[in-house]
Amino acid sequence: MAKLFFALPVKALAPALIAWRDQRPWPGQAVPQANLHLTLAFLGEASDQTTQRLIDAVQQQHCPPLTIKLEQTGWFNRAKAAWIGPIAWPNELTVLALALRRHGEKLGLGNGELGYRPHVTLSRKAGEAPATLPAPDFLLQADEFCLYQSISAPDGVRYEPLACWPLRA
Ligand code: 3AM
């Protein structure tokens, strides 16, 4: 079994995001640089067989490269996650996220969540929202998306990509 989710890697931008977060008061427990990502769809626990079927199904998924401007802070009260995200984003991002969620649902995966709000979680266990901050204007240039496995270890969680697909025009 593996705990799965689809996300856009934010590797090139991660050091700047971390530096920016760490330069200001920010609530909660900092997410380490290596764990930063922009979630597309949470799938949850899947068997090896279901994971393989998911990977096979996603081969046909098409999406162009995406440019996403991260310029707004936010907070999910229930999840206690403090994040940075876009104010507006390309429609193709929502289409991709919902299509990936649908691929999971067809295999009995997902948590029945509705809606999609792109964000990069910068801290967890945040008891309050981060201050509303001037637009830092980080440009996420996404040219691939990945299926990640979430692995819990005594020293924290880490995310391992199981497969990645290019975003192509
Ligand atoms: O980094 P974010 O917050 O976007 O919050 C978890 C994280 O996304 C989310 O999946 C990503 C990798 O762990 N996640 C974990 N459990 C979840 C659940 N039960 C969940 N999202 C929705 N429902």
Side-chain angles (χ1 to χ4, degrees), residues 1-22 26-47 50-51 54-55 58 63 66 68-90 92-130 136 138 140 142 144-165 167:
M1 295 292 276
K3 192 174 173 188
L4 306 178
F5 65 98
F6 286 107
L8 301 177
V10 299
K11 219 169 166 188
L13 206 54
L17 287 172
I18 296 288
W20 178 82
R21 176 198 64 195
D22 292 348
W26 190 272
Q29 222 171 66
V31 172
Q33 184 174 315
N35 282 5
L36 294 190
H37 60 271
L38 188 149
T39 300
L40 294 163
F42 176 77
L43 302 163
E45 294 287 339
S47 67
T50 302
T51 303
L54 183 67
I55 289 172
V58 169
C63 182
L66 298 167
I68 303 157
K69 196 167 163 186
L70 306 176
E71 54 180 341
Q72 173 176 252
T73 56
W75 181 57
F76 293 145
N77 184 348
R78 237 167 21 133
K80 300 279 172 269
W83 48 262
I84 184 166
I87 293 173
W89 55 93
E92 290 95 335
L93 174 63
T94 305
V95 170
L96 176 65
L98 298 184
L100 294 175
R101 184 190 299 178
R102 188 81 195 105
H103 282 299
E105 283 168 354
K106 282 188 189 161
L107 293 165
L109 304 175
N111 61 359
E113 219 166 31
L114 298 170
Y116 177 63
R117 203 308 155 207
H119 64 279
V120 177
T121 297
L122 296 181
S123 67
R124 302 196 181 279
K125 300 184 179 167
E128 57 182 349
F138 294 112
L140 169 57
E144 65 171 357
F145 69 96
C146 300
L147 176 65
Y148 288 90
Q149 176 177 9
S150 171
I151 299 168
S152 292
D155 57 342
V157 69
R158 71 173 203 280
Y159 305 133
E160 224 155 70
L162 295 178
C164 294
W165 294 265
L167 300 177

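Both ligands and their constituent atoms are indexed starting at 1 by order of listing.
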Within the structure provided, determine whether Val10 and Phe138 are in side-chain contact (heavy-atom separation under 4.5 Å).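 Side-chain contact under 4.5 Å: no.
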
Is there side-chain contact between Leu147 and Thr51, with heavy atoms separated by less than 4.5 Å?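 Side-chain contact under 4.5 Å: yes.
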
Would you say the rings of Phe6 and His103 are close, in the sense that their centroids are separated by under 6.0 Å?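 Judged by ring-centre distance (under 6.0 Å), His103 and Phe6 do not meet the cut-off.
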
Phe5 ring center within less than 6.0 Å of Phe42 ring center: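 Ring centroids of Phe42 and Phe5 are no less than 6.0 Å from each other.
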
For residues 110-129, which residue pairs pass the salt bridge (Lys or Arg N to Asp or Glu O under 4.0 Å) check, not counting sequence neighbours?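 Every candidate salt bridge (Lys or Arg N to Asp or Glu O under 4.0 Å) pair involving residues 110-129 fails, so no pair, neighbours aside, qualifies.
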
Please verify the inter-ring angle class for Trp83 with Phe76; under 30° counts as parallel, over 60° as perpendicular, anything in between as tilted.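 The arrangement is tilted - the two ring planes meet at 30° to 60°.
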
Does ligand 1 have any N/O pairs with the protein under 3.5 Å, and how far apart?
{"from": "ligand 1", "atom 1": "1 (O)", "to": "His37", "atom 2": "NE2", "distance (Å)": "2.8"}
{"from": "ligand 1", "atom 1": "1 (O)", "to": "Thr121", "atom 2": "OG1", "distance (Å)": "3.4"}
{"from": "ligand 1", "atom 1": "1 (O)", "to": "Arg124", "atom 2": "NH2", "distance (Å)": "2.8"}
{"from": "ligand 1", "atom 1": "3 (O)", "to": "Thr121", "atom 2": "OG1", "distance (Å)": "3.0"}
{"from": "ligand 1", "atom 1": "3 (O)", "to": "Arg124", "atom 2": "NH1", "distance (Å)": "3.3"}
{"from": "ligand 1", "atom 1": "3 (O)", "to": "Arg124", "atom 2": "NH2", "distance (Å)": "3.4"}
{"from": "ligand 1", "atom 1": "4 (O)", "to": "Thr39", "atom 2": "OG1", "distance (Å)": "2.7"}
{"from": "ligand 1", "atom 1": "4 (O)", "to": "His119", "atom 2": "NE2", "distance (Å)": "2.7"}
{"from": "ligand 1", "atom 1": "8 (O)", "to": "Thr39", "atom 2": "OG1", "distance (Å)": "3.2"}
{"from": "ligand 1", "atom 1": "23 (N)", "to": "Asn111", "atom 2": "ND2", "distance (Å)": "2.6"}

